[in-house]
Amino acid sequence: MQELDKTYNAAQFEDAIYRAWEASGYFNPDKLASAKEPFTISMPPPNATGTLHTGHAMMLVLQDLMIRFNRMRGKKALWVPGTDHASIASQNKVEKQLAKEGITRHDMSREEFIARIEKYVEESRSTIRNQIRKMGSSCDWSRERYTLDEGLSHAVKTIFIRMHSDGLIYRGNRIVNWCPRCKSTLADDEVKYKEEQAPFYYLKYGPVIIGTVRPETKFLDKTIVVHPDDPRYKALIGQEFDVEWIEGPVRAHVIADAVADMTFGSGAMTITPGHSFEDFELAQKYHLPVEKVIDEDGNFTEAAGSFVGKNARENRAAIIDVLRKKGLVDRVDEHYTHNLSVCYRCGTPVDPLPSLQWFVDVDKKIKHRKDKSLKELSLEAVESGSITIIPNQFEKRYFQWMHNLHDWCISRQIAFGHRLPVYYCEKEGGGCGETIVAHEPPAHCPKCKNTFLRHDEDTLDTWFSSALWTFSTLGWPDNAEEKHGNIIKKGDLAAFHPTSVMETGYDILPLWVARMIMMSEYALREEPFKTVYLHGLVLDINRKKMSKSNEETLIDPLDVIPKYGADALRISMLVGVTPGNDLLLGEEKIASYRNFINKLWNISRFILQFGMDTSGVDTPGRSDTQKKKRDTHTLADAWILSRLARTIESVTRALETFHFAQAAEELRAFTWDEIADWYLEISKVEKGKHDILFSLLEKILALWHPFTPFVTEVVYQHIRENVHPKTKHEKGEHPATLMIHPWPVADKKTINEKAEKEFALIRTLIQTIRNARAEHGIPPAQKIQALIWSKRLQPLIADNEQIIKHLARLDFLTILTTEEKPHNAVFLKISDDIEAYLPLGMRKTEEERVKIKKEIDTLQGLLTPLNNRLADQEFHKGAPRHIVEKETKKRDEYIASLETLEEQLKKLI
RNA sequence: GGGCGGUUAGCUCAGUUGGUUAGAGCGUCACAUUGACAUUGUGAAGGUCAGAGGUUCGACUCCUCUACCGCCCACCA
């Protein structure tokens, strides 16, 4: 039999173990023959841009934990992996590459550019696949998807066409957030705000003074808005007059609306419908024309007269110069701070401008959904409890976000992505102006038969395709058809949708999670998942978001795994982490869990050494009759089996209820503090525990497997190879991989409260003696004597004498049978019925006295308030009986202890 | 401006419906090389649970206010 190395070397095993898992086929639930109930997770597809970071590692760990746990519990566990084409992000990366080569995308055709991006994305995808494997992720690679693959593209077109025909997708002229660098629209939540200090100009506009940071947008302002109740301007309302302005006089008129804030600036403002969201809404309300002053490149249009073609932002000062020369600048506040809108990708200031774009209408009533809108359906899914969000404070955030939701602008002026399935029969080409929405390019216009049709150049917002992720990956739309007003699912879609859990970062709750809910409610009339579990961000030890710019605190999973092992990284992302809270990750933490992995390894090694014993005293492979010879369990056996049952119960419950950190912590405590520190030590003196040890090992390997799949599998395979007789494999008792080993079930019969209490006494006794030894400076190698007194528990002490002697390092242990207690000994109060005496000589008498006095003081300090409480009639009236009894009992114990201590103090004099 | 959350040991965090002397990991200190493990063992020190008030027989836990910190949303011409 091969021996295990002294320390666990993760790098030596991990890749081979993963290959074996993959080869076993059990990542695919179709192979889990006996499993019935599904458990599904759609992996949030990482952007196909480069490499995985700690945030990805976090999601992989949590999801794999759930998947492995549920697979071992006999569920049909499916984890669908995939990647997202991430249109803007991918295009930006490639544009940066091009810039290095000194070219831009305009130096090549659209097709060439896309081919270039596809090449980049394909490389990234293969890198990412490998990295997902490195983490030990047990996802079903046979079902891997990509947002741009054929099936998903088909799903995207299908839902676009259906939503369009239901009137949920429309084309409209709206103000959009425009990034002049990305040359694309941005969704509301793709716009970020940055505080900026900029001059605030007060300009004379006819009879009023208006304020602005952006004078370059003001060329066409011709409407003054004042508050209807503002006494300063009442007389002006409704009037029209000529105003001297940037490019000569303009015809202005005055309207009254409550949006004007009387307390801000002069209380009067002009509006710029083409370049401000609020002004656009006002313009709609009063039917004012919307004109464009700044174009898609950030340059002035012809509306800016002599400034045409110049960059708007750069010419702000020039415009102010013009106004100043005309004496129209009243004053300038140089220290004005405001929030500048910038593109979330590139940081370029965003220009709001009017544009013809495609939108999803979130308020339109849907006939086949009982006249409810996407917004209403999405709110209902969470309100009704069909979807639970963990932690639940995020439900409030979800509601808030949903209530404020505006129509979703889904068209992007990006080359890379899902092209809109929209064709125009353009008048310029001799057509009729018809807009055709169809799967395939139509041969001719259905209306005028014109054959010259233009395919819309735009692509869809990348979140549009990922919003379909849970069901498009399972074969929608082919796997669903509508019959008599109901959706009939088949295949994977029927077997695995709605998915069980959506596990993702809280930062994309609105961007992604909310949109998946909308789309699934629309397409399948059901929720996409039952539970949303949100993890936090991974921060470095200085609470900064991990990024390549902070080299020294950056944790790269791919550096950490070869060094500490994937298992160590996995637990350090689980322990001490609660949903919705950010995780602070430093290398130290990972190292400490590497130590734990090694501990688990050595526990296994210790237990398995008996299996290698050629005399075969108690190897698990021995016959049943031989095993029966040792059937009298000691207190320690009863205790550890009781603790095992309880641990199985509570770890299982914790995992079921998403308390992952708690589950890991309890398991760690049981493994290290109870098995390793106590039971293994005891097994060195109480012989013949091999069966129990071995069965304990098998149980904890299984329990640990979802957390630390690699090390547990290595040990399991070792056992399978070397310990189990081959016949058992054939009977299927020991599956080929721990991955499909049944999850341990607690044997309730072994729960033994009495044993736990009694063992706790033995443990306290040993610890108290150890403590006293340390206080008296007795080196561990030196054995000492102890006298133990007890009135009722003498048999308990006697039964466990060997353990006590060994663990407390005693050479003599005397059990006192009389009331006669020794003088001149260190006194230790263990419990109300156990006392220990260590004859360590009289050197420390004074110290002993001080120590006992301190104990007396502590007890007195506890006793006084307790006595007061028990004397209070209100307490007896108000508190439940068991509390009163408990407190009374506690007081009696304190008093008894005090008496003993005082008696002991007298003896020292 | 609107909303959400946090403040518990040196650090990072648990603390389940109010009920033993408030816990863990890491770190710190002392001792130890005993054949599973120094990636270790044993032991110790360390907290007026942010502050004030209230409810209660009893508050880390429930309520109010204050202070500080963080986040989300909206965004002012």
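Lettering follows sequence order; numbering is per chain, from 1. As a basis for the values below, the full set of heavy atoms in this structure was taken, side chains included, without hydrogen atoms, waters or symmetry mates.
Among the heavy atoms of the strands, none lies under 4.0 Å from Ser604(A).
Using the six-membered ring where Trp is involved, Phe658(A) and Phe660(A) have ring planes that are perpendicular, over 60° apart on the 30 and 60° scheme.
Comparing G19(B), U39(B), G41(B) by their closest approach to the side chain of Asp677(A) singles out G41(B). Counting only heavy atoms from C-beta on, Ala774(A) has its side chain closest to G43(B) among G43(B), G19(B), C31(B).
Computed from coordinates, the Gln767(A) CD to C31(B) P distance equals 21 Å when rounded to whole Å. To the nearest angstrom, C1' of G25(B) lies 20 Å from CZ of Phe660(A). One atom, CG of Leu866(A), and another, P of C57(B), lie 18 Å apart when rounded to the nearest Å. In this structure, Ile390(A) atom CD1 and U16(B) atom P are separated by 16 Å, rounded to whole Å.
At a cut-off of 3.5 angstrom, the base of A36(B) holds at least one donor-acceptor pair with the side chain of Lys684(A). At a cut-off of 3.5 angstrom, the base of C37(B) holds at least one donor-acceptor pair with the side chain of Lys599(A). The base of A36(B) sits within donor-acceptor range of the side chain of Glu681(A), with an N or O pair under 3.5 Å. Contact of Arg773(A) with U42(B) (side chain to base): no donor-acceptor pair of N or O atoms is detected under 3.5 Å.
Residues passing the side chain to side chain donor-acceptor pair (under 3.5 Å) test with Tyr233(A): none are found, sequence neighbours excluded. For Pro391(A), the side chain to side chain contact (heavy atoms under 4.5 Å, CB included) criterion is met by Gln393(A), Phe394(A), Leu534(A), Pro579(A), not counting sequence neighbours.
Between Trp704(A) and Phe707(A), the distance from one ring center to the other falls under 6.0 angstrom.
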State the dot-bracket string of RNA chain B. Criteria: Watson-Crick or G-U wobble, both atom distances under 3.5 angstrom; notation: ( ) intrastrand, [ ] crossing earlier pairs, | interstrand, . unpaired.
-> (((((((..((((.....[...)))).(((((.......))))).....(((((..]....))))))))))))....
